[in-house]
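To find a chain, count down the sequence lines: A is the first, B the second, and so on, and within it residues start at 1.
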Number of protein chains: 2
Amino acid sequence: MGTEREPKQQSAKALLALRDLVLTGEVEPGERLSEVALAQRLGVSRTPLRSALQRLEQEGLVCLIPSGGYAVRSFSRQEVFDSIELRGVLEGTAARLAAERGASASRLRVIDEVLRQLDLVMQVSAHDMDFERYEVLNGDFHRLLWNLCGSEVLTREIERTASLPFASPNAFVNTQVDVPAFHRTLIVAQTQHKAMLSAIKLREGSRAEAIAREHARLARQNLDFVLEEQPDLRRKVVALALMSG
Amino acid sequence: MGTEREPKQQSAKALLALRDLVLTGEVEPGERLSEVALAQRLGVSRTPLRSALQRLEQEGLVCLIPSGGYAVRSFSRQEVFDSIELRGVLEGTAARLAAERGASASRLRVIDEVLRQLDLVMQVSAHDMDFERYEVLNGDFHRLLWNLCGSEVLTREIERTASLPFASPNAFVNTQVDVPAFHRTLIVAQTQHKAMLSAIKLREGSRAEAIAREHARLARQNLDFVLEEQPDLRRKVVALALMSG
DNA sequence: AATTTGCAAAATGTATACATCATGTCAAGC
DNA sequence: GCTTGACATGATGTATACATTTTGCAAATT
């Protein structure tokens, strides 16, 4: 058969579908990814599928097998920690550069508004909170922060790092719904959000950097909590689908 | 014709050859990279060539054209600066983690020996110095530093960042051959090398990080020098083949 | 003269055929 | 019974054919 689908979108289709397959754990870590089988499953041919595989290899979700082909990657606990720390370092750099170089007033207005919206979301009592909206706003805040310094080189690098599920700013947000202490974490996080922005406005680069790093370590703290105090929760944390051990 | 070459190496061949073509400036920034023409030029088919193009797009050497295909990327002065700064930040993180977590004695021995060799190279008078050997040793030092913390996640990220020609630790080393002040830069660099390692051994993470950052800024300093005081030198700096403006 | 429309050439994205290589099974030999 | 080796199966890497889209150019119209 020749030509009944929409070309040029097959690659994107394969990329999104394959990423979803990996992130939801439908294909297990360590599992070899057979190209023919996957291509058939996703409804594309091998060519766009291989393009997607190579892309995901750069993202870190799959890894090359020495003998050829790809497998779903699995991350050790230490690698997960390091990825979180790295995201903090890069976000810290973005915050520092924004402070040192100065952020445009228009961008600051936008991010201020996001913080205000976050305040509103958190004003309601704990179990009435709209978590989905929190995630959206939290994601917005971080994305805006990444762009605040105006360095495309840096922004791109942060986006790449944060594309790993457990390194994302929202990685452990919905983990905490069931946990009594969760609200405190969010309160601390929002305080840090405000402190970061304040430091940037005051051109206090070093302070902005330090807060951003510490902010990322909240994620590590949550991860520690899940692993050591609520190991039964672990399977429910989608961000940890790729973590071994 | 069917089968007279060595398969499985065509991708690697295409990647290396294409990277060389871009880095040496044989294809100019902004120039569209025609797949058929390139494939013929490099002696491979389009399939491995496209694989190489996608890879170089991740590395940052080429960029996607909205309408399709790839073009040689060009970097603004600011982007070059940011890439250097980013390398410094990441190297600083590697140094800090090495200090905080402790580096293995065997790895420290190896890097110590590299520093000793560097000392030997620099003991001779300025114009007798073996620059090629300096580059090799300098590259060794930095690669060893990247691995000192034992975090593959971080090491991989640094390697990616430093793969940009102007962000490499050796980017401006051979630029300075003609310049009288060059030896001073190298002396400072070697002093920083030793200070970094000392800080790591003493578990002074913050100091190690700060020195590594400042060390990378030597590259920025050299770049400033080339651009503002010796603009005629610029064309001879291969690392700047991709820089516009 | 400038702009727009139509067409042709070329380039990209995709699918698929082919050859080589890896892997696992089964049988033979020790 | 265990190891070794040959073989069949399947998978990957590569090359190439095909269809769609983009792009450059020329002619015609305003």
Item to complete: Quick one: which residue pairs count as a ring-ring contact (aromatic ring centres under 6.0 Å, His included) with a foot in residues 140-160 of chain A, not counting sequence neighbours?
Response: A:F141-A:H193, A:H142-A:H193, A:H142-A:H215

Item to complete: With a 4.0 Å heavy-atom cut-off, tell me which residues in residues 42-57 of chain A come close to DNA chain D, sorted by residue number.
Response: A:R46, A:R50

Discussion item. With the threshold set at under 4.0 Å for non-hydrogen atoms, list the residues of residues 25-37 of chain B touching DNA chain C in residue-number order.
Written reply: B:R32, B:L33, B:S34, B:E35, B:V36

Item to complete: Can you tell me the distance, in whole Å, between the CG atom of B:L15 and the C1' atom of D:dT14?
Response: 16 Å

Discussion item. Tell me the interatomic distance from B:L64, atom CG, to D:dT22, atom P, rounded to whole angstroms.
Written reply: 15 Å

Discussion item. My understanding is that only residues two or more places apart in sequence, or in another chain, count here; which of them pass salt bridge (charged side-chain N to carboxylate O under 4.0 Å, His left out) with B:R217?
Written reply: B:E85, B:E214

Listing, residues 12-22 of chain B side-chain donor-acceptor contacts under 3.5 Å, not counting sequence neighbours, or none:
residue, atom, partner, partner atom, Å
B:R19, NH1, B:E59, OE1, 2.9
B:R19, NH1, B:E59, OE2, 2.6

Worksheet item: Could you give all pairs that pass the ring-ring contact (aromatic ring centres under 6.0 Å, His included) test and reach residues 47-86 of chain B, with sequence neighbours left out?
Response: B:F75-B:F166

Fill in: Nucleotide C:dG13, atom P - distance to CD of A:Q9 in whole Å
13 Å

Item to complete: Take the protein atom CD1 of A:I65 and the nucleotide atom P of D:dG13, then report the distance between them rounded to whole Å.
Response: 10 Å

Worksheet item: By side-chain contact (heavy atoms from CB on, under 4.5 Å), which residues pair with A:V36, not counting sequence neighbours?
Response: A:S34, A:R46

Worksheet item: What pairs with B:E26 under salt bridge (charged side-chain N to carboxylate O under 4.0 Å, His left out), at least two apart in sequence or on another chain?
Response: B:R41

Worksheet item: How would you list all residue pairs meeting salt bridge (Lys or Arg N to Asp or Glu O under 4.0 Å) that involve residues 130-139 of chain A, not counting sequence neighbours?
Response: none

Worksheet entry | Distance in angstrom units between A:L38 CG and D:dT12 C1', rounded | 13 Å

